[in-house]
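Per chain, numbering begins at 1; letters A, B, ... match sequence-line order.
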Number of protein chains: 2
Amino acid sequence: MLSKKTKYAFHALTYLGKQEEKTPILISEVADKTKVPKKFLESILLDLKKAGILTSKMGKGGGYYLLKDPADVELADVIRMFNGPIALLPCVSLNYYEPCDECVDETTCGLNKIMIEVRDETLKIVAKKTLADILKAEA
Amino acid sequence: MLSKKTKYAFHALTYLGKQEEKTPILISEVADKTKVPKKFLESILLDLKKAGILTSKMGKGGGYYLLKDPADVELADVIRMFNGPIALLPCVSLNYYEPCDECVDETTCGLNKIMIEVRDETLKIVAKKTLADILKAEA
DNA sequence: CACTTAATCTACAGATCTAGTAGATTATTA
DNA sequence: TAATAATCTACTAGATCTGTAGATTAAGTG
């Protein structure tokens, strides 16, 4: 399951993605409309900005708005950022690899091999789906 | 990512599945060979027994052994048991459904729709792969 | 029956992570 | 200079994860 933070990030991205004009939207507006606690949302938006997905303007007339094309924001990107690895085990993670403490030999571990397959299949899904798909699916 | 408990469960199942004879294996033997803390393993094996995947015998000559055919033990079963829902959001979970607090109308939520698709694709993977596949993959 | 073996049950505890809050600071505009 | 709005730092309550300790029950053995 995704953490609330991850889900909130998707809600925020969806709200900002739905805007016609690329004009700055207040954090408080996003918080109100998506029902995400404002202070919690702040750090989420900041992370999305640091990742280059959003950008922002300070001061009056400021706010957040989408920088990337929704079609270029993969579910996998957002999930990795807020939820951690896509892989089910550290020993099969491409981005966060770590050997298992109990592992004697990775090359002979059946679990490892199967989880690599699961990872690859999962990536096919979450790397193909993007924010654009979520926006399209909105009524 | 899977919890350690879930990973340990897979290791234990793999070890028991590798046995030639369906003769009871001591918890302590499984713990030693899989490097899972013994007392922690106890509760895992007990859960697997309650789920009908393993069975056990008490007293001398006792221990745990596989009850189900490895081909009938889906990854999804074990993951659900120890890790929780396969779905990424509560509102798209088949087995643990819960509405989102922030949700106004599920039928118009793009995130919901996309996550249903992701769930279905994920299920195709983890429900098809079984303990038998892990055993086959062992060197 | 007494003894040993080994699973089962109950309870707890430290560490880590999650979700959320509070308040000060910096940048921008008017 | 005043108002606005993002940014940064720090903290906290609660939940979950991982693991441990010890008593109890069931089964076989002499």
- Any donor-acceptor pair under 3.5 Å from B:K33 side chain to B:A12 backbone: no
- Message: Looking at A:K18 and A:L13, would you say the former's side chain and the latter's main chain have a donor-acceptor pair under 3.5 Å?
- Response: no
- Query: Within less than 4.0 Å of OP1 or OP2 of D:dT20, is there a side-chain N or O belonging to B:K38?
  - Reply: no
- Message: Tell me whether the side-chain N/O atoms of A:Y8 come closer than 4.0 Å to OP1 or OP2 in C:dA19.
- Response: no
Among [options], the one nearest [X] by side-chain distance:
| X | options | value |
| --- | --- | --- |
| B:S3 | D:dG28, D:dT18, C:dG23 | D:dT18 |
| B:K57 | C:dC9, D:dG28, C:dA7 | D:dG28 |
| B:K60 | C:dG23, C:dT5, C:dA19 | C:dT5 |
| A:K39 | C:dT21, D:dG28, C:dA7 | C:dT21 |

Measure the distance from [atom1] on [X] to [atom2] on [N] and round it to the nearest whole Å.
| X | N | atom1 | atom2 | answer |
| --- | --- | --- | --- | --- |
| A:F82 | C:dC17 | CZ | P | 17 Å |
| A:L46 | D:dA5 | CG | C1' | 13 Å |
| A:L26 | C:dT29 | CG | P | 14 Å |
| A:D101 | D:dT18 | CG | C1' | 12 Å |
| A:D47 | D:dC8 | CG | P | 10 Å |
| B:D32 | C:dA6 | CG | P | 13 Å |
| B:K50 | C:dA7 | NZ | P | 15 Å |
| B:I44 | D:dG19 | CD1 | C1' | 10 Å |

- Determine the contact category for A:L45: base if any of its heavy atoms lies under 4.0 Å from a base atom, sugar-phosphate if only primed atoms, P, OP1 or OP2 are that close, otherwise nothing. nothing
- Task: Establish whether the base of D:dG19 is bridged to the side chain of B:K4 by a donor-acceptor pair shorter than 3.5 Å.
- Result: no
- Task: Determine whether any donor atom in the side chain of A:K5 lies under 3.5 Å from an acceptor atom in the base of C:dG20, or the reverse, and answer yes or no.
- Result: no
- Check side-chain hydrogen bond (donor to acceptor under 3.5 Å, both in side chains) between B:T23 and all other residues, then give those that pass, not counting sequence neighbours. none
- Donor-acceptor pair between A:Y8 and B:E102 side chains, under 3.5 angstrom: no
- Message: For the residue pair B:N95 / B:S93, report whether a side-chain donor-acceptor contact shorter than 3.5 Å exists.
- Response: no
- Query: Want to settle it: does A:M58 or A:P37 sit nearer the 5' end of DNA chain C, counting the closest nucleotide to each?
  - Reply: A:P37
